[in-house]
Amino acid sequence: MKMICPSILSADFAKLSEEIKEVQLGGADIIHCDIMDGHFVPNITFGSDVVAKVNEITNLPLDVHLMIENADKYVESFAKAGADYISVHYENNYHLNRLLNKIKSLGTKAGVVLNPATPVFMLKNIIEYADFVLLMSVNPGFGGQKFILNSIDKIIELKQMINKSNPDCLIEIDGGIGLENIKLVSDAGVDMFVCGASVFKAVDRIGVIKEMK
Ligand code: DX5
Ligand code: ZN
């Protein structure tokens, strides 16, 4: 199943409740929550208390993308807050097997994230432990950036690796996804589409989600 995952990074936080309800009404499948600490990425967002509030607003699954140092210290609090999916970056987590197992032991789906400059082959020895892989198609930190085109080659390469080593593993794409490229990445093999600006900055959010689907 293909899933649209609006990222609340681009929502109006003063109206978070209404905006989440609107995209849910539009057919969003998952709510994507971007957690940034100002160290791993040059921006700061919100923590598990806000995620817990989002969980009160919606009954959609929550996808928590951790762009933070020491993610191992925080995964438990995000799982308790209601995360259904938690992803951690390859680049700053030294003991990924242990961390993915910890996330799964909390009853949460465990994902690995690759930055645009990290090659897919780095996943060779971890792919079998992942429920999903998130490919960043922009450098993490901000919404509204331009899709990096070589992400398509990475999706195709990842899909081949998944078919061979872990066919149940899902592919998520994050960064610069909109109506102009969603079919392209879908055809390449993506299952979960994170959409920030293309949904929340649109005049007709519900129309955009429907057209994406
Ligand atoms: C970027 C975040 C994304 C962001 C995507 O660091 O991980 O989830 O919200 O925003 P758009 O879709 O606007 O590129
Ligand atoms: Zn994200």
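Just so you know, ligand 1 is whichever comes first in the structure, and atom 1 is the first atom listed for that ligand. Quick caveat: nothing in here was measured; it's all calculated off a predicted structure.
- For atom 6 (O) of ligand 1, the nearest protein heavy atom (residue, atom name, distance) is Gly141 N, 2.7 Å.
- At least one heavy atom of Met67 sits under 4.0 Å from some atom of ligand 1.
- Ligand 1 has no nitrogen or oxygen under 3.5 angstrom from a nitrogen or oxygen of Met36.
- Rounded to the nearest 0.5 angstrom, Asp37 CG and Asn70 CG are separated by 8.5 Å.
- Environment of CD in Glu69: crowded, with over 12 heavy atoms of neighbouring residues, nucleotides or ligands closer than 6.0 Å.
- For ligand 1, the atoms closer than 4.0 angstrom to any heavy atom of Pro140 are 6 (O).
- Nearest heavy atom pair, residue Leu66 against residue Ala71, reads CD1-CB, 4.1 Å.
- No side-chain N or O of Ser165 forms a donor-acceptor pair with one of Glu128 less than 3.5 Å apart.
- Side-chain contact, Lys80 with Ser48: no donor N or O sits under 3.5 Å from an acceptor N or O.
- Every atom of ligand 1 with a heavy atom of Ala197 under 4.0 Å away is listed here by number and element: 11 (P), 12 (O), 13 (O).
- For Phe142, the closest heavy-atom approach to ligand 1 falls below 4.0 Å.
- Remark: minimum distance from atom 11 (P) of ligand 1 to any protein heavy atom is reached at Gly144 N, 3.6 Å.
- Every atom of ligand 1 with a heavy atom of Leu9 under 4.0 Å away is listed here by number and element: 4 (C), 9 (O).
- Short contacts between ligand 1 and His65, defined as distances under 4.0 Å to a heavy atom of the residue, involve ligand atoms 7 (O).
- Taking CD1 from Ile173 and CZ from Phe147, the interatomic distance works out to 5.0 Å, rounded to the nearest 0.5 Å.
- When the N, O or S atoms of His32 are ranked by distance to the Zn ion (ligand 2), NE2 comes first.
- Residues Phe200 and Glu19 approach most closely at CD2-OE1, 3.5 Å, considering heavy atoms.
- Using 4.0 Å as the threshold, Ser198 has no heavy atom nearer than that to any atom of ligand 1.
- Classification of the Phe132-Tyr85 ring pair by plane angle, with boundaries at 30° and 60°, yields perpendicular.
- The Zn ion (ligand 2) is closest to atom OD2 of Asp174 (considering only N, O or S atoms).
- When the side chains of ILVMFWY residues are joined at heavy-atom separations under 4.5 Å, either directly or via intervening members, Ile177 and Val208 end up in a single hydrophobic cluster.
- Summary: ND1 is the N/O/S atom of His65 found nearest to the Zn ion (ligand 2).
- Side-chain contact check for Asp63 and His65: no donor-acceptor pair (N or O, by modelled atom type) lies under 3.5 Å.
- Regarding atom 14 (O) of ligand 1, its nearest protein heavy-atom neighbour is Gly176 N, 2.8 Å.
- A donor-acceptor pair shorter than 3.5 Å can be found between the side chains of His32 and Asp174.
- Rounding to the nearest 0.5 angstrom, the gap separating the CE atom in Met122 from the CG atom in Leu96 is 10.5 Å.
- Note that CD1 of Ile156 is 11.0 Å distant from OG of Ser151, once rounded to the nearest 0.5 Å.
- In terms of protein heavy-atom proximity, atom 10 (O) of ligand 1 is closest to Gly143 CA, 3.6 Å.
- The closest protein non-hydrogen atom to atom 9 (O) of ligand 1 is Ser7 OG, 2.8 Å.
- In the vicinity of Val194, heavy-atom distances shorter than 4.0 Å reach the ligand 1 atoms 8 (O).
- The side chain to side chain contact (heavy atoms under 4.5 Å, CB included) test with Thr108 singles out one residue from Val75, Val64, Ile103, and that residue is Ile103.
- Asp34 has its closest N, O or S atom to the Zn ion (ligand 2) at the position named OD1.
- Atoms of ligand 1 found under 4.0 Å from any heavy atom of His32 (numbered from 1 in listed order, with element): 8 (O).
- The N/O atoms of Asn139, backbone and side chain alike, include none that comes under 3.5 Å of an N/O atom in ligand 1.
- The distance criterion of under 3.5 Å between nitrogen or oxygen atoms is not met by Gly175 with respect to ligand 1.
- Remark: minimum distance from atom 5 (C) of ligand 1 to any protein heavy atom is reached at Asp174 OD1, 3.4 Å.
- Close approach of ligand 1 to Met136 is summarised as follows: ligand atoms under 4.0 Å from at least one heavy atom of the residue are 7 (O).
- Note: no N/O pair closer than 3.5 Å links Ser10 and ligand 1 by distance alone.
- Gly196 N, 2.8 Å is the protein heavy atom nearest to atom 12 (O) of ligand 1.
- Checked by atom type, the side-chain pair Asp34/Ser7 shows a donor-acceptor distance below 3.5 Å.
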